[in-house]
Every structure is written in structure tokens, then in C-alpha cells.
Amino acid sequence: MTKMEEASQYFSQELLTWYRRQRRDLPWRLSRDPYRIWVSEIMLQQTRVDTVIPYYNRFMDKFPTAAALAEAPEEEVLKCWEGLGYYSRARNLQAGAREVVLKYGGMVPDDKSAVAGLKGVGPYTSGAIMSIAFNRPEPAVDGNVMRVLSRYFCLEDDIAKPATRVSIEKLAVSLIPDGAAGDFNQALMELGALVCTPKSPGCLTCPVMEHCKGRLEGREGELPIKTKAKPPRPEQRVAAIVLGSGANAGKVLVRRRPDTGLLAQMWELPHLLLAKDKAGLLDESMPKEQQELAELLGKLLHDETSLLIRPRRWFLDTDHVFSHIHWKMRVYLADLGGEGLTAEKAEAYGIAAEAASGYMDAGRAEGDFAFGSISGERAGASDLYASAAIAVAERELPKEYAWIGPEDMDVLPFPNIFLRILRDFWE
DNA sequence: AAGCCGGGGCA
DNA sequence: TGCCCAGGCTT
């Protein structure tokens, strides 16, 4: 037996024994229901165990079977996923559940290619489901496994490269003890999560330290080798909390994001992305810059809704970092002009002047911006505000917009950044 | 191969 | 603050 073979056999045996003694009691380890394993593995993609647990329990409570998930309204599924991130996981999972119902009678099939073909199920997840739920000897190689094996066998391949995952999969399969695929794969990940951690690995408590090549060569700290990700690009955004009035008193204006792309189909505060040449405005907090931002915001929202939206004062600045974008957001409180106007009234009064002066009144309230420079543009702007004022009385909101109160937050899915802002506002 | 897609925990 | 994730999809 070569040294490598000996180290491999030792590794598999000791790790399996360690796991069966040390395994954590996790909600998805209470049964081997493939659906329950599947849901857990999707949630655990790029997400820590402690974060997932409460989501998992709620989700299984609400959607206990593939059939239940398949039947649910999409927005309800998204709401259950709210705050967990990577929301396409939720949509893909539901699409997968529908496929399982239609093609396999609601039972996840004990079939590798069928499982691997489900939406949102890639090489890692299919391996995890096949091994954990069906005890099939498939590799389930995630970042944890790549880290553990890189250290144990002192592998110097860049784990950021797809080819490295493929080669580590081959190694991982060869390590699976007969008849113990599920436990072994979980053992590998459990070791990575509890002992062979990214920063300061707990070698002294590691069940396989004795033959760990990385450790023996004193290189556990520099493994695995991984190229760094690019830093997220900054984006400056300006949002409004628009206070409703009349029938919408106590409510705020929100809108639903497009069907695809970042935070698809989630709800948000209406806001705009500052063009490059305007991005600097966010760093300047002088009244002049504040005013220009407020005007840009008012104009954009008027274009989209035909409402006369008047940013009244600064509310807060906040940051939100996604994996590839860094949002720097300023939020204004805003209200509406032109309420109570009818088309008849507008004609009778000569609405242009009235709307413009209403806008000016807004600027004079205590604590508000000085809208002094508006008066210089008053003549030109008045037509815009006049038509907006009439629109307030006559037009419906575009379909992606809605007025909502605090109670609606319990139904509509919002990404974390807007959840925080709105909770802050209603507090 | 590189970019897109969230969020939280930790030193 | 920067770095790390129990990945998969699109281009």
C-alpha cells in the first residue's frame, strides 16, 4: 500500500467515525426525505447553517412537500425566502418542485441525471441529494470540501477554477467508504465547518491531523490557494419614501422590480441610479447638491408615475453590499403636490401658477431644503407641475407601483436594504 | 473564463 | 474594514 493509499484509508475511516460521534443535530438531519434534503441544500448554497435554520423550519412548515411548494403563489415563496438572498434559488426550487410533481408524481426520483436536471441543482447539490437522501456514492464538493482536501493532500490547484472542482470530485469519490456515502460527504463538510475552518483551522482537535500533509508541512495556513474576487463596483442611488395623502394617508409608495436581474420581482422604494457624472453629488452634503438630487428624484418619479412628488427632507444614508455591487443610497422623505385638484378646478384657477406655488410652499416648511433656485426655473417648471397636479386627481398608478402600509410588509417580499429602511421609518 | 446573483459572520 | 463562504446560471 502506498503512502497516499494509507493516508486516504485512514482519512475516510477516522473522519466517518468522528462524524458519527460529533454530528450536529440539524433540522434536515431528522429524516432522509429527499425533498427535505433538497430544500436544505438549496438554502445552504453560499449560506451558513445558523442563518438557514430558522428559514428552513418556516419553509418546511409552510411547504412540507414538493406538491405544496408547487401549488403556492410565487410571491408567497419569495416572501418565505425574504432576507436569505440569491432569490433565484427560491424561484428555481419552486420550478423544480413543479417538475417533480408533473414528471415524477411528486416524489424526488432516485436518479442522478433526473435530479441533476432540476432547475437550480448543479454538480454540488445533485451530489449532496443523491448521497445524503439515497446513499449513492456521488461526490458533493463545495468550498468546504475543497478546503479540507486541499489541506489534507496538500493540493495547490486554485480552487476558484472550475477545473479544480472537477479534479477534487474525482478524489472525493475515491474516498467514499462502501455504503457510507451520505455520512461521509456530510462528515467532510462538517469537518470544514467545525474544525478545518477558513481562517485558523483547529488542527489540535482534528480527527485526521496525524496524516494531514498540509499540517505536516506546516502549510495549513496558506491552503487552499484561491484567487481573490474583484471588489464590488460602487453605485450611487437616491430613493424616496413618498408619503401618501387622502385615501393613501399613512401609506408609502413602493414599486416591484422587473422579472429578471438583481432582486427580481422583489419590492423596493422607488429610486434612481445616479449617472457617473452625477455620482459625486452624494458625497457633497451642501444644500446645492442636496437640492439637485431632490430635483432629479422628483423628475424621475414624475415621469414614471405622473405624480407630483416633492422631496422634502433628508431621511438617512445607507450602504448595502452585494457580491458584485456596492450600493450607496440616500433616502429622502417626500410628499405629493396637487392633491384635491380636479380638472375643472384646474381650468378655473389657471393651474400652472397654483401648482408652482404649492411646490414653493413645500420648500418653506421648517427643516426643509431651501428650494430657492426653483423659483428661477419656475416659469419653465410650472407646466410640468401643472400637468402633474391634474394627473394626481385623474390617473391610476402604473401597475408596478403600489401604496402600502406597515401591515403590507408582512405580505410583500422586500430585500434587506429596503426592509431596514422601511422598518426604521415606521418605528 | 468571467460576470451575475445576497447576505451575514468574523477577526 | 476586508475576507470568507454548504453554488448555479448566463454569456
Side-chain angles (χ1 to χ4, degrees), chain A residues 23-24 26-29 37-56 78 81-93 95-96 115-129 131-132 139-148 158-166 168-169 172 182 185-194 196-201 221 223-233 235 257-266 268 318-327 413-420:
Chain A
R23 72 199 290 257
R24 291 171 288 179
L26 301 173
W28 45 89
R29 288 180 177 165
I37 306 296
W38 177 19
V39 172
S40 75
E41 290 301 339
I42 299 296
M43 284 191 173
L44 287 163
Q45 289 170 3
Q46 305 296 101
T47 313
R48 287 181 158 68
V49 165
D50 290 340
T51 305
V52 165
I53 288 174
Y55 282 93
Y56 180 79
L78 219 45
W81 210 271
E82 179 186 80
L84 202 50
Y86 287 125
Y87 299 98
S88 67
R89 290 186 296 174
R91 275 191 302 279
N92 288 338
L93 180 58
V115 168
L118 296 171
K119 260 202 169 55
V121 176
Y124 163 75
T125 307
S126 71
I129 294 171
S131 62
I132 298 172
V141 174
D142 63 355
N144 251 329
V145 174
M146 289 197 283
R147 182 174 62 253
V148 168
D158 183 351
I159 65 168
K161 296 188 183 307
T164 302
R165 199 208 70 237
V166 174
I168 291 185
E169 277 176 351
N185 283 347
Q186 293 184 82
L188 222 32
M189 294 186 272
E190 195 87 335
L191 188 73
L194 299 181
C196 197
T197 49
K199 295 242 171 103
S200 48
L223 293 170
I225 290 166
K226 184 180 183 182
T227 57
K228 284 188 239 191
K230 278 175 53 176
R233 67 173 183 274
E235 281 186 1
R257 294 178 62 84
D259 290 341
T260 58
L262 183 68
L263 304 171
Q265 297 174 44
M266 306 284 286
E268 66 178 4
T318 186
D319 280 51
H320 194 74
V321 182
F322 303 98
S323 36
H324 57 304
I325 311 175
H326 183 162
W327 278 7
F414 285 86
N416 269 5
I417 178 173
F418 296 111
L419 272 182
R420 282 200 305 268

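A note on names: the letters A, B, ... follow the listed sequences, proteins ahead of strands, and every chain is numbered from 1. In this text the structure is predicted, and so the values were computed from the model without any measurement.
Atom OH in A:Y86 sits roughly 10 Å away from atom P in B:dG7 (whole-Å rounding). Rounded to an integer number of Å, the gap from A:M266 CE to B:dG6 P is 8 Å. We find that CH2 of A:W327 is positioned 9 Å from P of B:dG6, with the value rounded to whole Å. Distance A:H326 NE2 to B:dC4 C1': 18 Å, rounded to the nearest Å. The distance between atom CZ of A:R91 and atom C1' of B:dG6, rounded to the nearest whole Å, is 12 Å. Regarding A:R89, its CZ atom lies at a distance of 15 Å from the P atom of B:dC5, rounded to whole Å. Between A:L84 atom CG and B:dC5 atom C1' there is a gap of 13 Å when expressed in whole angstrom units. Between A:L419 atom CG and B:dG7 atom C1' there is a gap of 12 Å when expressed in whole angstrom units.
Remark: A:Y124 pairs with A:E41 by the side-chain hydrogen bond (donor to acceptor under 3.5 Å, both in side chains) rule, at least two apart or across chains. Residues meeting the side-chain hydrogen bond (donor to acceptor under 3.5 Å, both in side chains) test with A:S40, sequence neighbours left out: none. When the side-chain hydrogen bond (donor to acceptor under 3.5 Å, both in side chains) test is applied to A:Q45, the partners found at least two apart in sequence or on another chain are A:T125. For the side-chain hydrogen bond (donor to acceptor under 3.5 Å, both in side chains) test, residues two or more places apart in sequence or in another chain that qualify with A:D319 are A:H326.
Residue contacts for A:S88: at a heavy-atom cut-off of 4.0 Å it reaches no nucleic acid atom on any strand shown. Using a 4.0 Å heavy-atom distance criterion, A:R147 is classed as a sugar-phosphate-only contact. Using a 4.0 Å heavy-atom cutoff across all strands shown, A:R257 reaches no nucleic acid atom at all. Among the heavy atoms of the strands, none lies under 4.0 Å from A:A140.
For the P atom pair drawn from B:dC5 and C:dA6, the interatomic distance equals 23 Å after rounding to whole Å. Using atom C1' as the reference point in both C:dC9 and B:dG8, the two lie 23 Å apart (nearest Å).
Proximity of the aromatic rings of A:W81 and A:Y55 is defined here by a centroid distance below 6.0 angstrom, and this criterion is not met.
Within the 4.0 Å cut-off from OP1 or OP2 of B:dC5, at least one side-chain nitrogen or oxygen of A:H324 is found. For A:K161 and B:dA1, the shortest distance from a side-chain N or O to OP1 or OP2 is not below 4.0 Å.
The footprint of chain A on DNA chain C, defined by a heavy-atom cutoff below 4.0 Å, extends from C:dG2 to C:dC9.
A donor-acceptor pair under 3.5 Å is formed between the side chain of A:R257 and the backbone N or O of A:L262.
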What nitrogen or oxygen pairs link the protein and nucleotides 8-10 of chain B at under 3.5 Å?
| unit_1 | atom_1 | unit_2 | atom_2 | d |
| --- | --- | --- | --- | --- |
| B:dG8 | OP1 | A:N416 | ND2 | 2.7 |
| B:dG8 | OP2 | A:N416 | ND2 | 3.1 |
| B:dG8 | N2 | A:R48 | NH1 | 2.9 |

